[in-house]
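Whatever order the structure lists ligands and atoms in, that order sets their numbers, starting from 1.
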Amino acid sequence: MKEAATIQKGINVYAVRKQFPILNREVKGKPLVYFDNAATSQKPQQVIDALVNYYSNYNANIHRGIHTLAEEATAAYEATRDAVQKFMHAALREEIIFTRGTTEGINLVAYTWGRQHVKEGDEIIISGMEHHSNIVPWQVLCGEKKAVLKIIPITEEGELDLEAYKKLLTSKTKIVSVVHASNSLGTVNPVKEIIKAAHEAGAVVVIDGAQSTVHLDIDVQKMDCDFFVCSAHKLYGPTGVGVLYGKKKLLESMPVFQGGGEMIKEVTFEKTTFNDLPYKYEAGTPNIADVIAFKAALDFIQKTGKENIRLHEDELLQYATEQLQQIPSLKIIGTAKEKVSVVSFVIDKVHPQDIGILLDNQGIAVRTGHHCTQPVMDRFCIPGTARASFAVYNTKEEIDALIKGLHKTIKMLS
Ligand code: PLP
């Protein structure tokens, strides 16, 4: 890759790329072009090093040990909590709960706050662009409680119909759970407005930040969400770690999620008293190594600069959109005014799966299918899309390779 051509707004992409060892590999004899970042991002060396360092030098269980290794591991684990608190601008460190990921965070809220408060005839509102992980837990809860699931419709551009949303809100609405940025359309939803309206109706709000946290500035206090969930692996961090942010008074009032070690104060056969926040929701030995390495990912983002990353990704999104629009048989699905760097598209008479396979033959990784958002595909009457999603280390040259690859694909299949 030519260094001069890759220095784009605010960041030196070439220097950034050097920090991601996987980007040196080839796929099918071609340099890897990784455009599946919305599924999971690649990891910088410092994240990999943090994992190796923990297992090589201070592997120990946390919180309960008094020996040196346990103290070092506990300090590193808790340092990640402080880093997440700062990253999301949460008021208190005990409002940050470590989970396995976004999916577990949503399930935790559904099983605790949801089970405690949702009664027969109550209503839960989600949107038509939710990931399955923000649909199924609420469906299960509604089934159990005989509550009603209501859906905010999507416009042709792939935006939420806010007028329709406001009409769905009633005194029976207990929960509104919406995605901040859609993984299949790229749409950034006006969460502040959604939250304000929900609060006026007396509902609590869960924001699915799986896609937004890596691209946008997250300030849970300014947003005023009640719960916010995300996954480390989409933030240049390891898999198996996520965050549930919750307002302290809600987390304190909720029943426990899982029982076991760490989440208790005292156990007798007659009675158990539960631990304080955040440990009340962290039963058992957590994913210590990956939580520790998550801090290295957040450090990477802070050092690179969130604003720089955003500008770079916006530029890639704009460039890719312009280039893709020049392919006559291609249609972009999701043309919202505000988007994160995700482009979904379909091509006339070509199945998305075939696009994925033929691009892979050229070393280009895109995702194809319904992206765990089947209702979005139904809404647009398509079986699936091909999706290119960009990260801080992607370049315009890689987008050129994608466009070339698509021309080749179309030629082969038509
Ligand atoms: N929500 C959205 C918008 C997503 O994109 C994803 C993952 O792709 C999830 C939720 C689920 O995240 P995880 O599989 O990390 O729990």
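For residues 127-144, the set of pairs meeting the salt bridge (charged side-chain N to carboxylate O under 4.0 Å, His left out) definition, not counting sequence neighbours, comprises R115-E144. Sorted by first and then second residue, the pairs that involve residues 91-100 and meet salt bridge (charged side-chain N to carboxylate O under 4.0 Å, His left out), not counting sequence neighbours, are E78-R93, D82-R93, E94-K248, R100-E104.
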May I have the N/O to N/O pairs between ligand 1 and the protein that fall below 3.5 Å, each with atom names and distance to one decimal?
| residue | atom | partner | partner atom | Å |
| --- | --- | --- | --- | --- |
| ligand 1 | 1 (N) | D208 | OD1 | 3.3 |
| ligand 1 | 1 (N) | D208 | OD2 | 2.6 |
| ligand 1 | 5 (O) | Q211 | NE2 | 2.7 |
| ligand 1 | 8 (O) | K234 | NZ | 2.6 |
| ligand 1 | 15 (O) | S231 | OG | 2.7 |
| ligand 1 | 15 (O) | H233 | NE2 | 2.8 |
| ligand 1 | 16 (O) | T102 | N | 3.4 |
| ligand 1 | 16 (O) | T103 | N | 2.9 |
| ligand 1 | 16 (O) | T103 | OG1 | 2.6 |

Please set out all donor-acceptor pairs under 3.5 angstrom arising from side-chain atoms of residues 183-190, sequence neighbours excluded.
| residue | atom | partner | partner atom | Å |
| --- | --- | --- | --- | --- |
| N183 | ND2 | H371 | O | 2.8 |
| S184 | OG | T373 | OG1 | 3.1 |
| T187 | OG1 | G158 | O | 2.6 |
| N189 | ND2 | V179 | O | 2.8 |

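Taking the six-membered ring for Trp, Y77 and F98 have ring centres closer than 6.0 Å. Ring centroid separation for the pair F87 and Y245 does not come in under the 6.0 Å cut-off.
Counting only N and O atoms by type, the side chains of H199 and D226 include a donor and acceptor under 3.5 Å apart.
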